[in-house]
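Labels below follow one simple rule: chain letters A, B, ... track the order of the sequence lines, proteins then strands, and each chain is numbered from 1. As a basis for the values below, the full set of heavy atoms in this structure was taken, side chains included, without hydrogen atoms, waters or symmetry mates.
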Number of protein chains: 2
Amino acid sequence: MGGDHGPTVCVRGALLASQRIENLRFLLHGDQAQIEAQLALMPTLKPLCEIRHAERAIVMDEKPAQAMRRGKGSSLWNAVESLKAGEAAAVVSAGNTGALMAISKLQLRMMANFERPAIVASWPTARGISSVLDVGANVEGDAEQLVEFAVMGAAFHRAVHGATKPTVGILNVGSEDQKGHDEVREANSLLRAADLDLDYRGFVEGNDIAKGTVDVVVTDGFTGNIVLKTAEGLARYFANELKTTLTSSLIAKLGALVAIGPLKAMRSRLDTARINGAPLLGLNGIVVKSHGSANANGYAWAIRVAADLARSDYSQEIARNMQTLMASTPRDTEAEPKTGVVG
Amino acid sequence: MGGDHGPTVCVRGALLASQRIENLRFLLHGDQAQIEAQLALMPTLKPLCEIRHAERAIVMDEKPAQAMRRGKGSSLWNAVESLKAGEAAAVVSAGNTGALMAISKLQLRMMANFERPAIVASWPTARGISSVLDVGANVEGDAEQLVEFAVMGAAFHRAVHGATKPTVGILNVGSEDQKGHDEVREANSLLRAADLDLDYRGFVEGNDIAKGTVDVVVTDGFTGNIVLKTAEGLARYFANELKTTLTSSLIAKLGALVAIGPLKAMRSRLDTARINGAPLLGLNGIVVKSHGSANANGYAWAIRVAADLARSDYSQEIARNMQTLMASTPRDTEAEPKTGVVG
């Protein structure tokens, strides 16, 4: 159990989740004494939990390669191992993202036809929540990967955010088919041609994210990571501006006090806790990353995402769509050269 | 004279600019009758202007290639021609961006050692204003182009936003030197090695933009365009949320009325008009793009950017830094293959 706050937030998050979601049970991997001390305060949660003591935790700045080599016996390693062994239906971790991805990939392996996991973010929009991926698992994305992101993102969105046939768009610098670089144009052609169980809408632009133009926004991990962090920075900037404004004078404070109800409602609408929980998609198993700085409420949302995925048939849906894709499009294999295959 | 609002906004923008900046004179290219009707209402502006009638305007959705072939005699073409002829020191246009770029490149040509123009955006941050480029002139950016963006961005920032030695960072998915794809890592090495007249700080992440961590944020045109439009969309979303909140009930409206002074001050701090005016850098001549939907105040800011650049030695500074770069780094020439040169 990790993250910036240690096991306290995780155990409290489990308590909140157990109050909101039926029939949850928990394997808690970490320092037994610390976890027991927390559970002693939570008599309703305790019977739902089994503690698995781990001698060590992987620290937040440990390099993924090192975590993979020396991670055995750590709480993160053990959690993924218990998923692989079928003891758990999903793993939730607030720990080191790179280590979580490396250890998950090593132990669980990728689903057939996938090369690397993608991380998906839930993004609040004017129309609800959109799923944006990849937000940082990969630094490049060729056309085939973008198509895979579309398939995985649609399955995730249906399982967690409840659209029956999610709309999907590829992020680009313009909406016309001839816009952008080779990778996005190829992916656009592939998705237009493929008969998949999703509603492909073509290219979308940056301003379409906040509008909620499509349910699933597909982009490479480089652009996705930068866009997500830019938005997080901007949200913090606006929140600070508003706070400064409404405390800048006695009269401003009075105004804020009068309007405190609606202002609180707005804060709760924009609360990032409610969009916490970013799964690593494409693995043989459900692994959900909680933000390192998430509070107990945020952690409970990450658990909800894991539970929704575990109770859905999202991995079968991905497998079905991938089979359709493979049947309609020749794809890279180890023996073929990388270029000249897609198209 | 174009943009979404036609000549009205441009002429009013010129009036505002003439009141704020000394010794401006204007060549107004467009429909003579329309412009004269506007100027008749502005006796202080009229003596500073000379009207150059144009039979046609390039429409907003005209393709750049078509605009280049058939653009001769249009107001946009004539404006760039008057710059080339030395009659004007800078061109400001709210028209079709692609056409403006194509016609400017055709008539003015690129500065020595530059391949394509970059568009720079001025971005309000917690510390003031940062310059972000490229935000859409190019859909890819190799290492050498990113280095060129750093040189051009620093010269722009000094001329327009007044930093003596601008700090520069490359946008990436992490701040450590080994993060990201080949292009950003190569550009990072080149900038660390080169002895340029700017303060290079290494990689920055998306959330550093709103923080104002560096004066100049360098990125490829694909990422830059998407990041800029995402931020614009998010800003609109927050503004709508706040407006909805403060008009959601009588009590909320009362609170907003009490705090109206500070709220108005906030709106003016975040007003995008004050960051309008995005130059196309790298051309032999100063060409500034005003947002198509900008109001007169926004257009006046674009004129200010053009005047600041025209009165600075920014093109000499770019030439100096490029010479330093060329001396220290072997670069592509027509005769050499594209790969294997940088590094």
Task: Partner chain A: residue of G233(B), S249(B), G206(B) with the largest heavy-atom pair count (under 4.5 Å) - done: G206(B)
TODO: Scan for salt bridge (charged side-chain N to carboxylate O under 4.0 Å, His left out) pairs involving residues 251-263 of chain B, sequence neighbours excluded, and state none if there are none.
DONE: none
TODO: To the nearest 0.5 Å, tell me how far E176(A) CD sits from D61(B) CG.
DONE: 9.5 Å
Task: Members of residues 207-215 of chain A whose heavy atoms come closer than 4.5 Å to chain B - done: N207(A), I209(A), A210(A)
Task: For R69(A), salt bridge (Lys or Arg N to Asp or Glu O under 4.0 Å) partners two or more places apart - done: none
Task: Engaged part of A239(B) at the chain A interface, taking heavy atoms whose separation is under 4.5 Å - done: neither
TODO: Below 4.5 Å from any heavy atom of chain A, which atoms of Q178(B) appear? Answer side chain, backbone, both or neither.
DONE: side chain
TODO: Quick one: closest heavy-atom pair of Y237(A) and A126(B), and the distance?
DONE: CE1-N, 3.6 Å
- [ ] Indicate the atoms forming the closest heavy-atom contact of F222(A) with L171(B), along with that distance.
- [x] CZ-O, 3.8 Å
Task: residues 224-232 of chain B: residues contacting chain A (heavy atom under 4.5 Å, by number) - done: N225(B), I226(B), V227(B), K229(B), T230(B), A231(B)
- [ ] Below 4.5 Å from any heavy atom of chain B, which atoms of N240(A) appear? Answer side chain, backbone, both or neither.
- [x] neither
